[in-house]
Amino acid sequence: MHDYLKGFLYDAGERFVPFRAWLGDLKDPKILRADIIAGITVALVLVPQAMAYAQLAGLPPYIGLYASFLVPIVAAIFGSSRQLQNGPVAIISLMTAAALAPIGLPAEQLVIYAALLAIMAGLMQIALGFLRLGVLVDFLSHPVVIGFSNAAAIVIASLQLDKLFGIDNPRTDHLYDSLINLAKAIPTETHMPTLAMGLFTLALLVGFKKFAPKLPGMIFAMVIATLASWALGYEGMGGRVVGDIPKGLPSFSIPDFDVKYIPSLMVPALLIALLSFVEAFSIAKAVASRTRQRISADQEMVGKGLANLTAGFMSGYPVSGSFSRTAVAFEAGAVTGFAAIVSGILVGLTLVFFTPLLYPLPIASLAAVIIMSVIGLFQPKQMLHTWTVTKHDGIVAFTVFFATLWFAPHLEKGIFIGVAMSLLFYIYYTMRPHFAEVALYHDGSYRDADMFDLQTSDTLAVYRYDGDLYFANSSYVEKRILNSIAGKPKLKVVMLDLEAVAHIDATGEEMLSHLSERIKTAGIAFYVTRAKFMVTDVLKRSGLYDKIGEDHFFSKRITAIQSLKEKYGDDIDITPFIINMPLEKDEEEQSAEADKTEAEAKDSKGSDGKGETS
């Protein structure tokens, strides 16, 4: 216990100094210069994105800047990834809006609970990181995340349409109701100057991306839109602009909240904590695969937690890692976390000196930024790929996709459905593990006799199944073995291959005990081969190992077969285990197989260029 506590405290201490791994690299002037350039480049993207995403979260645009000042700095210092860029992101902003909507408070009060939500998510992430419980995110399987991300992209873009058309469209309990109301209002309530400004900004963003992809097109588009708004008197035409932004840096403060709202924020905070980590860590892994850097899931969880705590105490809202800004940093040559520190400092300078210049920035332009940013999130090919891999994964991905759209803006329901389906499919798979009677294949391995048309022995049966032996599948395995034995009246010996079993519970142990007794009662000898140490350890503790008999356990199949032959002699036939013996086929099967082989040979001859071509 003392050693465990000592190790835990040492590990906890190490969680606060991961930056030491790259701090010394800054002594190299080339690396320092590359990080400064990358930080400036990221800041040019971060400022407009942060303001746009805050708007998506239902908050004033400047709250996005508050969540982009110290957050990237803290995340870079305490995270394990050197290139990951943290701050406001689209999906977490949408989830923040969904979490705050049921509270039903005015916008100025929602700012308080957005900060509280960030603090709650941060505390959860820190706890998970210190307790090394980052594995909990594995419950958010890849199909669940893919289905949710694709649906979220559509939801995010849809929620910006009213701002693009300049229509005041109150939120409803379902996204489809909001879109129906919007469609009815468009013919009569569209504000043409707003629509023109939004389309103009979209055209600028598309143009920069297509014709000048290396330039920071987003910041250029925002500058042009802001100048156009100022020059044309856009606000005087009725167009909505960002307006006054409090000048100066946000101060450290604890949100003054009403505790009665905490229970309703607990589940959204947990989902934000888990999903923000999944999003950030998947980005970090993608970058690490190219830089060959080591990253730690638990350390990254702690880094995200401290970043969210910082966002909350600095009047921001929940944050995560950004794929687009990380890609910008990587392409700009970022080497260490100092690049993120530079971008955070530049956001701070913007808050101190340049906020008056942001006054005429059109809200429609920020909506255009969001729409362009989430286009990359919509990747239906990924969902189709999950269907190609396994039908069950495809079902999960598409179910989450449609459920998220149907229940939007209540996004958590789509995730819950996906997690539940993933667990049910997993249980279903493990309830029916692959079971086989094996025989020698021509390549020297032991294969499923039914699948590969191999002869088996009437007197010796070797059974293998692939999976753990636990309460959900024990009866299935027992039934398969007994049914197979019933079809072999001359059977003398049964050997159970447990090589694929890594875990056995009390139900599995009880089944093996009953099975061995029933087989022995039938006058058949029972043996076990290739059992892992974890399994034999359980059997020894339960006494079943001694009950079956130590001499009935073998570490290798071939050794077991040879020993059984020596013991039982001519009473058992081991030929199918030492000689490859395909099943004899009737004339029709042989003829069909010969025709198939001849056709494949002709195709092969034509494809290699040596056959005749028409």
Side-chain angles (χ1 to χ4, degrees), residues 1 3-4 135 426-427 429-441 444-449 456-457 459-485 488 491-569 571-572 574 576-578:
M1 183 66 183
D3 291 339
Y4 172 79
V135 293
Y426 172 76
I427 294 173
Y429 283 134
T430 58
M431 285 177 65
R432 297 292 185 269
H434 177 249
F435 176 87
E437 181 178 0
V438 300
L440 188 68
Y441 194 52
S445 63
Y446 289 91
R447 300 289 184 92
D448 185 333
T456 59
S457 171
T459 54
L460 171 61
V462 178
Y463 298 115
R464 185 199 74 218
Y465 76 101
D466 304 322
D468 291 333
L469 190 57
Y470 73 117
F471 66 91
N473 63 18
S474 295
S475 61
Y476 168 78
V477 174
E478 183 180 27
K479 181 176 67 175
R480 289 296 303 269
I481 293 175
L482 293 177
N483 286 345
S484 179
I485 291 175
K488 291 176 174 287
L491 192 63
K492 300 295 183 182
V493 178
V494 167
M495 186 187 302
L496 187 57
D497 184 353
L498 298 183
E499 195 269 341
V501 181
H503 168 74
I504 180 171
D505 67 1
T507 307
E509 187 273 344
E510 183 73 7
M511 183 278 290
L512 276 183
S513 179
H514 288 164
L515 179 66
S516 64
E517 289 176 359
R518 293 184 65 174
I519 291 175
K520 289 178 182 178
T521 302
I524 302 170
F526 179 71
Y527 290 83
V528 176
T529 183
R530 301 204 301 169
K532 289 183 169 65
F533 169 77
M534 298 86 76
V535 174
T536 57
D537 188 53
V538 171
L539 300 182
K540 287 178 180 178
R541 291 201 308 269
S542 70
L544 183 56
Y545 188 87
D546 293 329
K547 181 180 177 181
I548 294 174
E550 184 178 357
D551 59 334
H552 282 235
F553 283 83
F554 292 91
S555 59
K556 294 183 179 180
R557 275 181 304 203
I558 189 62
T559 303
I561 291 169
Q562 291 171 350
S563 297
L564 293 176
K565 183 61 176 176
E566 292 177 3
K567 182 174 182 178
Y568 294 97
D571 288 343
I572 61 172
I574 66 168
F577 302 101
I578 58 176

Any donor-acceptor N/O pair, [X] side chain to [Y] backbone, under 3.5 Å:
| X | Y | answer |
| --- | --- | --- |
| S474 | Y470 | yes |
| N473 | Y476 | no |
| K565 | I572 | yes |
| K488 | A461 | no |
| D448 | V438 | no |

[X] versus [Y]: any side-chain heavy-atom pair under 4.5 Å?
| X | Y | result |
| --- | --- | --- |
| F577 | T456 | no |
| V477 | M511 | yes |
| L498 | L496 | yes |
| H434 | Y465 | no |

Interatomic spacing from [atom1] in [X] to [atom2] in [Y] - rounded to 0.5 Å:
| X | Y | atom1 | atom2 | answer |
| --- | --- | --- | --- | --- |
| I561 | L440 | CD1 | CG | 8.5 Å |
| S475 | M431 | OG | CE | 7.5 Å |
| T529 | F553 | OG1 | CZ | 10.5 Å |
| T459 | L491 | OG1 | CG | 7.5 Å |
| L544 | L512 | CG | CG | 6.0 Å |
| E509 | R541 | CD | CZ | 10.5 Å |

Heavy atoms from other residues, nucleotides or ligands near OH of Y429 exceed 12 (cutoff 6.0 Å)
yes
Is it true that, when you exclude K520 itself, more than 12 heavy atoms of the residues, nucleotides or ligands shown sit nearer than 6.0 Å to its NZ?
yes
Do R530 and D497 sit within salt-bridge range, that is, some charged N less than 4.0 Å from a carboxylate O?
yes
Looking at E517 and K547, is any side-chain nitrogen of the basic one under 4.0 Å from a carboxylate oxygen of the acidic one?
yes
Determine, step by step, whether K532 and D537 satisfy the side-chain contact (heavy atoms from CB on, under 4.5 Å) criterion, reporting the C-alpha distance in whole Å, the side-chain angles of both residues, the deciding distance to 0.1 Å, and the verdict.
CA-CA 9 Å; K532 289 183 169 65; D537 188 53; over 6 Å; no
Using the side chain to side chain contact (heavy atoms under 4.5 Å, CB included) definition, which of the options I524, V462, V528 pairs with V494?
I524
Pairing residues for F526 by the ring pair (Phe, Tyr, Trp, His ring centres under 6.0 Å) criterion, not counting sequence neighbours
none
Residue list, ring pair (Phe, Tyr, Trp, His ring centres under 6.0 Å) with Y441, at least two apart or on another chain
F452
Do you know which two heavy atoms are closest between I548 and H552, and how far apart they sit?
O-CG, 3.6 Å
Shortest non-hydrogen contact between P576 and S457, atoms and distance
CG-N, 3.6 Å
Would you please test L515 and R518 for side-chain contact (heavy atoms from CB on, under 4.5 Å) and show each step?
CA-CA 5 Å; L515 179 66; R518 293 184 65 174; 5.6 Å; no
Given side-chain contact (heavy atoms from CB on, under 4.5 Å), test L469 with H503 step by step and report yes or no.
CA-CA 6 Å; L469 190 57; H503 168 74; over 6 Å; no
Can S484 and Y463 be counted as having a side-chain donor-acceptor contact under 3.5 angstrom?
yes
Measure the acute angle between the ring planes of Y527 and Y568, then classify it against the limits of 30° and 60° as parallel, tilted or perpendicular.
perpendicular
If you look only at pairs with a residue in residues 464-480, which of them pass as a salt bridge (charged side-chain N to carboxylate O under 4.0 Å, His left out), with sequence neighbours excluded?
R464-D466
